[in-house]
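Heavy atoms only: backbone and side chains are in, while hydrogens, waters and symmetry mates are out.
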Amino acid sequence: MWLKRVKLENIKCFTDTDLSFSRDQVRGRLPEPYRWITLLGENGVGKSTLLQCIAILLAGPEAAKELLSRPTGWLRDQSRPAKLTAGITQDPGDEGDYGKPDKPWHRRDFSYSYYMTGDSEVQVPLTGRRGKKEETYTEPAVIEDSTNVLSWLRVNAFASGNKGWFAAGYGAFRRLTRTSQILIPRMEPLTRTSNFVTQFNEDSPLSFFERWMVYLDFRQAKDAGDEQARKMRIIGEKTVTSLLPRDVKIAAVTKDGLINFEIDGRTVPSIGLSDGFRSVIALAGDLIWRLMQSFPDMDDPTKAKGIVLVDELDIHLHPIWQRDIAIWLSEAFPNLQFIVATHSPMVAIGAGEDALTIRLEMNKETGEVTAKPVEDIFLYDVDLALRSPAFKLVSTYSPQLQKKIERYHQLRLALETNEEMTDADRKLLNELTDLMRKINLGSESPTPGSLQDRINRFLEGHLAQ
């Protein structure tokens with residue numbers, strides 16, 4: 001399964017936003033998905049809201065109402081309902097039933113909608129047996145538009161345990177448990193709601209991986225011939241450690257629920273790891289556990305298809321990790337579609353040529369958000385990316401240094417145009433000239449104001465439109 005389209009109407013800062021996540025159709029071939037989508041934009045432009053809306057749509061009607069039982073403050077205009085629409089596609093080779101809803105239907109593309117209401121009384125145009133019928137709502141609620149498509153999906157796709165319809169979402173606060181605790185070696189069944197809970201509840205730790213490892217350790221201790229437990233542990237450990245940049249392996253699982261990692265020859269318990277390590281382990285560990293539960297018959301669940309949402313992927317990660325995290329995740333889970341939000345140019349650049357990058361931008365006068373694709377950001381270095389329309393940073397220098405650079409250019413212009421200058425101005429120009437030389441010392445960046453600097457600024461203003 002992959003997400004090919006999402007449309008938001010009257011949701012917070014989104015008046016009417018329609019996003020496509022599929023490539024242009026090539027003659028004779030079906031459109032293919034982008035497997036990596038990066039969402040960029042300043043704070044407050046709706047990246048998290050967009051990911052939450054996608055989560056609500058992919059969770060299914062019942063889980064959506066659990067995740068957002070009372071959507072207060074979600075409507076942009078309280079006088080009319082909000083509408084969320086998704087278009088999803090099942091590939092013919094997907095694990096599980098790709099969909100034969102009821103004769104005469106036989107489809108792989110599905111489009112369906114939910115409505116949201118607020119505190120004001122509104123009329124919601126819902127689909128019934130005799131066509132559209134308006135119903136009155138006076139309280140905040142998530143309401144599915146019960147078309148035949150959605151009725152089929154809620155039974156065959158969104159119900160927990162169905163194969164071929166995997167989706168999960170992770171909020172910005174991805175972490176393992178913080179304290180040592182006695183974990184009971186037992187795992188509750190996977191639910192559709194739990195796949196997205198950290199997007200809506202930032203206090204929820206991703207503890208399933210730790211509990212799962214304790215559970216597998218208990219099974220193997222009880223029965224050394226438990227081949228299934230052994231296989232699951234091998235896959236889980238291999239997946240998690242493949243996403244860590246150094247020589248890391250899982251050394252042992254303790255009886256009080258701690259996972260001991262061996263890093264560069266040192267043994268470190270999970271609660272003693274850095275936030276960067278913990279963030280990656282929490283994400284990868286939780287994801288592989290959910291894939292194994294969703295695809296129990298697959299020899300290698302890392303090859304399963306589905307959709308994964310990650311908010312603020314760059315959080316806690318060193319720039320080297322930020323640059324490589326898209327590659328690590330894409331290689332570890334080659335058939336998943338990742339939709340991530342980030343503030344990091346390293347993540348955006350590191351996604352590579354085969355990714356879709358979208359910038360969300362708010363109109364300061366109307367408060368409305370528009371979404372525009374960013375072309376060829378993988379060609380940029382970090383400095384150019386930051387100063388391009390992808391991030392719109394005026395300067396990558398500190399504000400204090402930027403003021404000196406601007407003053408230097410003012411004085412140089414005055415000197416070149418034979419304007420009258422005071423002795424203080426000439427002294428300052430000499431000091432700033434020395435500073436300009438230091439800026440360029442040992443750097444491949446051109447001197448501010450030089451021909452190469454002006455060429456770079458021209459390129460950054462025209463490439464990423």
Within a strict 4.5 Å, meaning less than it, do heavy atoms of the [X] and [Y] side chains meet?
| X | Y | answer |
| --- | --- | --- |
| I235 | P301 | yes |
| D354 | R23 | yes |
| L19 | K7 | no |
| I54 | F21 | yes |
| D286 | R290 | yes |
| V268 | N260 | no |
| V308 | V310 | yes |
| L8 | L50 | yes |

- [ ] Heavy atoms only: give me the nearest L150-Y112 pair and the separation to one decimal.
- [x]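 Looking at all heavy atoms of both residues, the closest pair is CD1-CD1, 3.7 Å.
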Open item on the list: Minimum heavy-atom separation for N10 and P81, please, with both atom names.
Closed with: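 For N10 versus P81, the nearest heavy atoms are ND2-O, 3.6 Å.
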Hey, are [X] and [Y] close enough for a salt bridge, meaning a charged N less than 4.0 Å from a carboxylate O?
| X | Y | value |
| --- | --- | --- |
| D145 | K132 | yes |
| R76 | E9 | no |
| E144 | K65 | yes |
| E66 | R192 | no |
| K231 | E227 | no |
| D18 | R5 | yes |
| E42 | K392 | no |
| R387 | D381 | no |

Side chains of [X] and [Y]: donor-acceptor distance under 3.5 Å anywhere?
| X | Y | answer |
| --- | --- | --- |
| S242 | T239 | no |
| Q322 | S344 | yes |
| W36 | T38 | yes |

To the nearest 0.5 Å, tell me how far [X] [atom1] sits from [Y] [atom2].
| X | Y | atom1 | atom2 | result |
| --- | --- | --- | --- | --- |
| I377 | L356 | CD1 | CG | 11.5 Å |
| L336 | R35 | CG | CZ | 8.0 Å |
| I263 | T241 | CD1 | OG1 | 11.0 Å |

Task: Parallel, tilted or perpendicular, as decided by the 30° and 60° cut-offs, for the rings of F110 and W152 - done: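 If you compare the ring of W152 with that of F110, the planes turn out parallel.
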TODO: Kindly assign one of parallel, tilted or perpendicular to the pair F277 and W321, based on the angle between their ring planes and the thresholds 30° and 60°.
DONE: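 F277 and W321: perpendicular rings.
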Open item on the list: With side-chain contact (heavy atoms from CB on, under 4.5 Å) as the criterion, how do I358 and L40 come out once you've worked through the C-alpha distance, each side chain's angles and the decisive distance to 0.1 Å?
Closed with: CA-CA 6 Å; I358 297 173; L40 303 177; over 6 Å; no
Open item on the list: Please determine whether side-chain hydrogen bond (donor to acceptor under 3.5 Å, both in side chains) holds for the pair Q123 and T136, giving the CA-CA distance in whole Å, both sets of side-chain angles, and the decisive distance to 0.1 Å.
Closed with: CA-CA 5 Å; Q123 303 296 314; T136 302; 2.8 Å; yes
Give a yes or no on this: more than 12 heavy atoms of other residues, nucleotides or ligands lie within 6.0 Å of atom [atom1] of [X].
| X | atom1 | value |
| --- | --- | --- |
| I320 | CD1 | no |
| K12 | NZ | yes |
| E134 | CD | yes |

Task: Partners meeting side-chain contact (heavy atoms from CB on, under 4.5 Å) with Q78 (sequence neighbours left out) - done: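 Q78 satisfies side-chain contact (heavy atoms from CB on, under 4.5 Å) with L75, S120 only.
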